[in-house]
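Accompanying notes for the structure given below.
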Amino acid sequence: MSDFEVARRQKQEPTATLLVRAIMCFVLFAAGLALIAIGGADQGPSAPYLFVAGILAVGLSFGLPMIGATER
């Protein structure tokens, strides 16, 4: 077979940092869903911008935890 081995992380981040990052990502995700809902329900000229901002916020909420990540 293969000799696949997981590379261990050199230094684990503090638990408080990980918790704050997870909460921030959840809030960003929820805000993105709210922006998508507001942009979809609104008929004003800003509706497409709110909708796109919501999509970007949801995407960013999934991307932020990946910053600085390496393949293990």
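- A search for side chain to side chain contact (heavy atoms under 4.5 Å, CB included) contacts involving Thr15 returns nothing, not counting sequence neighbours.
- Clustering of Ile, Leu, Val, Met, Phe, Trp and Tyr side chains at separations under 4.5 Å leaves Tyr49 isolated, with no partner residue.
- With sequence neighbours excluded, the residues that form a side chain to side chain contact (heavy atoms under 4.5 Å, CB included) with Ile38 are Leu50.
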For residues 21-31, dump all side-chain donor-acceptor pairs below 3.5 Å to protein atoms at least two apart in sequence or in another chain.
from, atom 1, to, atom 2, distance (Å)
Arg21, NH1, Glu13, OE1, 3.4
Arg21, NH2, Glu13, OE1, 3.1
Arg21, NH2, Glu13, OE2, 3.3

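- To the nearest 0.5 Å, the span separating CG on Leu33 from OG on Ser61 amounts to 8.0 Å.
- Residues Phe62 and Leu35 do not share a hydrophobic cluster, clusters being chains of Ile/Leu/Val/Met/Phe/Trp/Tyr side chains in contact below 4.5 Å.
- Of the inter-residue distances, the one linking Ile55 atom CD1 with Leu60 atom CG reads 13.5 Å to the nearest 0.5 angstrom.
- A side chain to side chain donor-acceptor pair (under 3.5 Å) check over residues 27-40, counting only residues at least two apart or in different chains, returns nothing.
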